[in-house]
J.: 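Input: one structure, supplied below.
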2 protein chains.
Amino acid sequence: MGYKHNKEDILDVGFDVLRRNGYHNVGINQVLKESGIPKGSFYNFFESKEDFARQVIERYGCSNLAWMDGFFKDSTLSPLESLKAFYAFMIKVNEEDAYSGGCLVNNMSMEVGRNNDLLASETNQQFIGWLNVLAAVAQKGQEEGEITKKYTSLELAEYLHAGFFGTLSRSKVTRSRVYMDTWYEMTFEFIKA
Amino acid sequence: MGYKHNKEDILDVGFDVLRRNGYHNVGINQVLKESGIPKGSFYNFFESKEDFARQVIERYGCSNLAWMDGFFKDSTLSPLESLKAFYAFMIKVNEEDAYSGGCLVNNMSMEVGRNNDLLASETNQQFIGWLNVLAAVAQKGQEEGEITKKYTSLELAEYLHAGFFGTLSRSKVTRSRVYMDTWYEMTFEFIKA
DNA sequence: AAAAATAAACAGAACAGTCTAATTAATTAA
DNA sequence: TTAATTAATTAGACTGTTCTGTTTATTTTT
């Protein structure tokens with residue numbers, strides 16, 4: 001028999017709470033309440049709120065990275081089509097979530113990108129991990145002649161994902177997927193060979 | 001002789017502080033300290049922190065709108081070229097600011113877009129004001145045949161500005177203009193007729 | 001004098017983080 | 001196998017600070 005609480009359950013609650021409410025808008029007490037653990041246990045697992053958030057971001061980024069890896073590896077579509085499928089899926093998920101949270105890494109980048117070096121660095125690292133996956137797919141698309149060769153695969157990946165985050169941010173305020181769909185149409189029209 | 005303090009000075013300090021640090025990371029006391037006014041005066045001018053932030057956003061959005069209007073009206077460049085000049089200028093300003101703040105409206109959208117209806121609505125309103133200016137310029141560019149007619153001018157404006165905010169967010173974490181420049185090159189290559 | 005603005009003390013809640021004690025699990029010794 | 005010991009986890013009351021916002025009194029402008 002293990003102990004009553006475990007770190008990963010707390011991190012899962014933290015992910016949800018931080019993604020929806022941000023960093024400075026969330027108190028440790030809220031995490032404690034929602035995960036049902038007392039304060040002593042929390043500070044047994046985590047050094048501080050900052051350390052906790054860093055681990056939440058890391059866990060989220062890594063699990064997303066693994067999921068993306070699998071998604072593209074298992075895809076039977078062409079590189080360009082699998083990139084389209086990926087973003088179509090992201091848009092659908094965001095819609096089903098009622099535009100209520102967006103992406104934790106994107107949110108954190110914006111909120112603490114210049115005020116907290118530790119968290120900024122962690123978010124950037126996770127973002128770069130994703131970029132590399134996307135760039136690899138883009139490169140295959142370039143090699144197969146379906147994606148423009150005017151830009152490097154990494155430039156294309158940055159363009160895709162930063163653009164997606166831009167339109168994701170807008171959907172958070174407009175609470176609509178309309179311009180996400182337009183972004184999708186336009187972007188993939190633009191980057192094809 | 002007027003009174004010692006006036007609202008607009010406080011709003012200016014608030015703009016700077018909120019843009020750099022966000023909403024929930026800033027206490028009224030910080031604004032009081034930096035603007036040199038006591039608490040009683042603050043609550044004489046503003047109903048609450050939220051009301052204060054709303055007015056800061058409104059002031060920022062409106063003054064930016066006026067500036068944009070003038071920028072495009074005074075421009076001797078073609079519509080497409082003046083759009084390029086506008087974003088080139090924005091990128092330069094952000095660089096000179098050492099990527100330290102980004103755009104207040106964009107930051108607020110992300111931070112409170114789903115947790116504060118009043119501020120979300122205010123940010124969206126200001127964003128829409130800018131969009132309309134950009135869309136008008138884009139439409140002229142379409143009429144003159146230098147910008148693609150595959151999308152409406154409003155879709156183009158959304159694409160431009162959301163994309164710019166996406167890459168702006170990235171620059172906040174990477175602290176570099178590299179991918180902003182790439183975004184600029186790519187986007188304007190894409191939208192030309 | 002009336003109204004607006006200023007000033008600072010004050011209130012109550014929320015904040016991150018600490019402390020001591022108790023319980024439970026894992027390890028070692030007999 | 002059981003007993004003794006050590007280590008990890010749990011529990012929540014508590015600390016000191018900071019938060020937004022109030023109150024009361026005073027000063028300044030009209």
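Model, not experiment: these values are computed from the prediction. Order of the sequence lines fixes the chain letters, A, B, ..., with proteins taken first and strands second; residue numbering starts at 1 for each chain.
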J.: Base contacts versus sugar-phosphate-only contacts with protein, heavy atoms under 4.0 Å: please encode nucleotides 9-15 of chain D as B, S and - from 5' to 3'.
T.: BBBB---

J.: State which residues pass ring pair (Phe, Tyr, Trp, His ring centres under 6.0 Å) with B/Tyr179; sequence neighbours excluded, sorted by chain then number.
T.: none

J.: Show your working on side chain to side chain contact (heavy atoms under 4.5 Å, CB included) between A/Ser109 and A/Phe165 and close with a plain yes or no.
T.: CA-CA 11 Å; A/Ser109 296; A/Phe165 277 172; over 6 Å; no

J.: Could you tell me whether A/Val26 contacts a base, only the sugar-phosphate backbone, or nothing, with contacts defined as non-hydrogen atoms closer than 4.0 Å?
T.: sugar-phosphate

J.: Do side-chain atoms of B/Lys49 reach the backbone of B/Tyr23 as a donor and acceptor pair under 3.5 angstrom?
T.: yes

J.: To the nearest Å, how far apart are B/Ile28 CD1 and C/dA7 P?
T.: 17 Å

J.: Specify the separation, in whole Å, of atom CG of B/Leu18 and atom P of D/dT20.
T.: 11 Å

J.: Any salt bridge linking B/Asp97 with B/Arg19? Criterion: basic side-chain nitrogen under 4.0 Å from a carboxylate oxygen.
T.: yes

J.: Between the side chains of B/Asn107 and B/Glu111, does any donor sit under 3.5 Å from an acceptor?
T.: no

J.: According to a hydrophobic-cluster definition based on side-chain heavy atoms being under 4.5 Å apart (Ile, Leu, Val, Met, Phe, Trp, Tyr only), do A/Val56 and A/Phe127 belong together?
T.: yes

J.: Start at the 5' end of DNA chain C and walk down; is the nucleotide closest to A/Asn29 or to A/Glu47 reached first?
T.: A/Asn29

J.: Strictly by Watson-Crick or wobble contacts shorter than 3.5 Å, is anything paired with C/dA30, and which nucleotide is it?
T.: D/dT1

J.: Take atom CG of A/Asn25 and atom P of C/dA16, then tell me their distance rounded to the nearest Å.
T.: 11 Å

J.: What is the distance from CG of A/Leu32 to C1' of C/dC15, rounded to the nearest Å?
T.: 12 Å

J.: Can B/Ser78 and B/Glu146 be counted as having a side-chain donor-acceptor contact under 3.5 angstrom?
T.: yes

J.: Whole angstroms only, please: what is the CZ-C1' distance between A/Phe42 and C/dT18?
T.: 14 Å

J.: In whole angstroms, how far is the P atom of D/dC19 from the CZ atom of B/Phe52?
T.: 14 Å

J.: Taking atom P of D/dC19 as reference, at what distance in whole Å does atom CD of B/Glu50 sit?
T.: 18 Å

J.: How many whole angstroms separate atom OH of A/Tyr43 from atom P of C/dA21?
T.: 21 Å

